There are 2 protein chains.
Amino acid sequence: MQTIAPELAELAALIADPGRASILSRLMDGRPQTASELAQVAGVTPQTASWHLARLARFCLLKVERRGPRRLYCLANPLVAQMLEGMMTVAVAGSQPLRPPRIDDEMRRARTCYDHLAGELGVAVSDAMRERGYLVLDHEVGELTAAGTAFLCSLEIDLRPSSRHRRALCRPCLDWSERRPHLAGRAGAALADLAFRRDWIRRRPEGRSVEISAAGLAAFRTLFGARI
Amino acid sequence: MQTIAPELAELAALIADPGRASILSRLMDGRPQTASELAQVAGVTPQTASWHLARLARFCLLKVERRGPRRLYCLANPLVAQMLEGMMTVAVAGSQPLRPPRIDDEMRRARTCYDHLAGELGVAVSDAMRERGYLVLDHEVGELTAAGTAFLCSLEIDLRPSSRHRRALCRPCLDWSERRPHLAGRAGAALADLAFRRDWIRRRPEGRSVEISAAGLAAFRTLFGARI
DNA sequence: ACTACGCTTCGATCATGATCGAAATATTCA
DNA sequence: TGAATATTTCGATCATGATCGAAGCGTAGT
């Protein structure tokens with residue numbers, strides 16, 4: 001019986017190293033990062049990181065872009081991000097009984113998940129939108145209502161599909177720190193984009209977590225009705 | 001920065017062994033199987049398989065049910081199946097350039113993917129339903145149209161949600177052998193269930209692949225318009 | 001209670017691959 | 001062209017975990 005089990009094992013082995021897992025996890029913030037930065041994140045020397053990055057890129061998990069003397073790495077495509085999403089969801093569930101849930105507070109509070117909001121912020125915004133009837137969001141399925149579409153349009157959020165790749169408008173993404181679904185898909189990405197543009201949230205120099213500005217806190221509370 | 005990278009790596013390491021990958025891949029057919037069967041699939045001795053199974057079960061990737069002197073193992077929950085789906089999709093894409101795509105012919109022809117149809121059959125049926133306007137199916141998003149709902153109802157397919165877990169009615173699952181999406185979710189599961197009940201397809205004693213009966217071939221062609 | 005069978009635990013062996021120092025390569029800027 | 005910096009390649013070392021034989025355990029049937 002020929003199956004894809006060998007390929008599956010090969011892929012898993014690629015993620016099974018703590019250093020590479022850290023790199024992939026870090027790249028889930030969607031921003032291209034240099035080999036040196038990723039070496040630091042992984043807690044290994046640059047030459048070791050280089051070896052890890054080469055393996056990940058050879059398997060097309062990573063895309064590399066040469067910018068001057070440095071190389072910027074990022075996840076190869078949304079499929080990889082979605083796969084990691086799924087694995088993280090199972091990972092926290094599976095390792096739960098043994099390990100105390102030691103998650104960085106800033107990370108839990110607010111972060112980006114590839115291209116959309118996650119953490120308490122992401123879940124709170126999604127919950128609020130659901131309560132207002134803008135959204136139907138489940139562990140497996142998500143749908144933006146007419147009212148929700150109108151609401152997002154009133155915020156000048158562009159929900160038109162990109163020409164390149166067709167993407168789901170609205171889909172759930174299981175938040176691994178909150179263990180509840182939050183909004184992902186084009187709508188989630190557009191919302192995060194808006195939040196950055198209006199300076200509601202700012203990327204912290206270190207890590208995937210984001211800082212909620214005072215204006216952002218007010219906006220999420222009043223505009224969305226988020227309890228945060 | 002505390003992340004879930006360690007847990008992610010731990011989970012990946014669990015799948016990274018060829019034997020365990022074979023076991024997980026095999027269990028994707030949705031049927032509980034004994035430790036001995038799985039040992040044979042993995043190509044290892046029973047005591048080695050036992051060790052693998054214990055590790056998988058400890059991480060809650062597998063559920064075990066004691067039936068007499070033997071133990072039946074199956075995937076712990078649909079989340080695990082969906083994660084493996086995602087990994088397989090990336091795995092075939094990533095390892096493609098190097099490896100010749102040596103996939104078992106029967107497997108490619110028709111198989112089950114956890115609870116729905118896959119392979120040429122699964123894709124052909126999904127394509128046909130799409131062409132008839134029953135279905136909108138994309139790499140990321142799926143929707144059953146009113147006509148599609150009516151069609152499935154006319155086949156006496158029960159689309160009511162199960163009380164236990166809410167599940168998506170209609171979602172795409174990327175077929176790793178065909179590299180195209182096929183129908184999954186409650187609708188896909190119900191359709192596969194119907195196909196088994198009407199003896200359109202039969203499980204082969206060995207492996208995950210299914211055999212299409214003569215009646216099945218006729219049914220898929222005439223009822224669905226599938227080119228298969 | 002005894003036997004048969006499926007499965008698991010223990011112990012020892014062995015192979016794969018992660019790591020880093022040292023050195024080479026590539027790119028930009030002066 | 002030469003210096004500075006980022007990154008990769010090479011080589012040697014070392015640790016983790018996969019494997020199977022042997023033995024132990026638990027369940028079902030006689």
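Since we're looking at a predicted model, the values are computed, not measured. Quick note on labels: first sequence line is chain A, next is B, and so on, each numbered from 1.
Expressed to the nearest 0.5 Å, how far CD of E211(A) lies from CG of L121(A) amounts to 12.5 Å. Residue L61(B) holds its CG atom at 7.5 Å from CG of L75(B), rounded to the nearest 0.5 Å.
Following rounding to the nearest Å, Q33(B) (CD) and dG6(C) (P) show an atom-to-atom distance of 16 Å. Nucleotide dT8(D) holds its C1' atom 15 Å from the CG atom of L38(A), rounded to whole Å. Rounded to whole Å, atom P of dA6(D) lies 6 Å from atom CZ of R70(A). When the C1' atom of dG6(C) is taken as reference, atom CG of L72(B) falls 12 Å away, rounded to whole Å.
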- Message: Does the protein touch nucleotides 25-30 of chain C at the base, only the backbone, or not at all? Give it as B, S and - per nucleotide, heavy atoms under 4.0 Å.
- Response: -SSS--
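Counting only residues at least two apart or on different chains, the salt bridge (Lys or Arg N to Asp or Glu O under 4.0 Å) pairs with a member in residues 71-94 of chain B are E85(B)-R171(B).
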Give each protein N/O atom lying under 3.5 Å from an N/O atom of nucleotides 10-19 of chain C, with the pair distance.
from: dA18(C); atom 1: OP1; to: R20(A); atom 2: NH2; distance (Å): 3.3
from: dA18(C); atom 1: OP2; to: R20(A); atom 2: NH1; distance (Å): 3.3
from: dA18(C); atom 1: OP2; to: R55(A); atom 2: NH1; distance (Å): 2.8
from: dT19(C); atom 1: OP2; to: H52(A); atom 2: NE2; distance (Å): 2.5

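The aromatic rings of H182(B) and H116(B) are tilted relative to each other, their planes meeting at an angle between 30° and 60°.
Between V90(A) and L79(B), the closest heavy-atom pair is CG2-O, 4.0 Å. Nearest heavy-atom pair across C173(B) and A184(B) is CB-CB, 3.7 Å.
For S177(A) and R111(A), the side-chain atoms include at least one donor-acceptor pair closer than 3.5 Å.
Between K63(A) and E65(A) there is no salt bridge, since no side-chain nitrogen of the basic residue lies less than 4.0 Å from a carboxylate oxygen of the acidic one.
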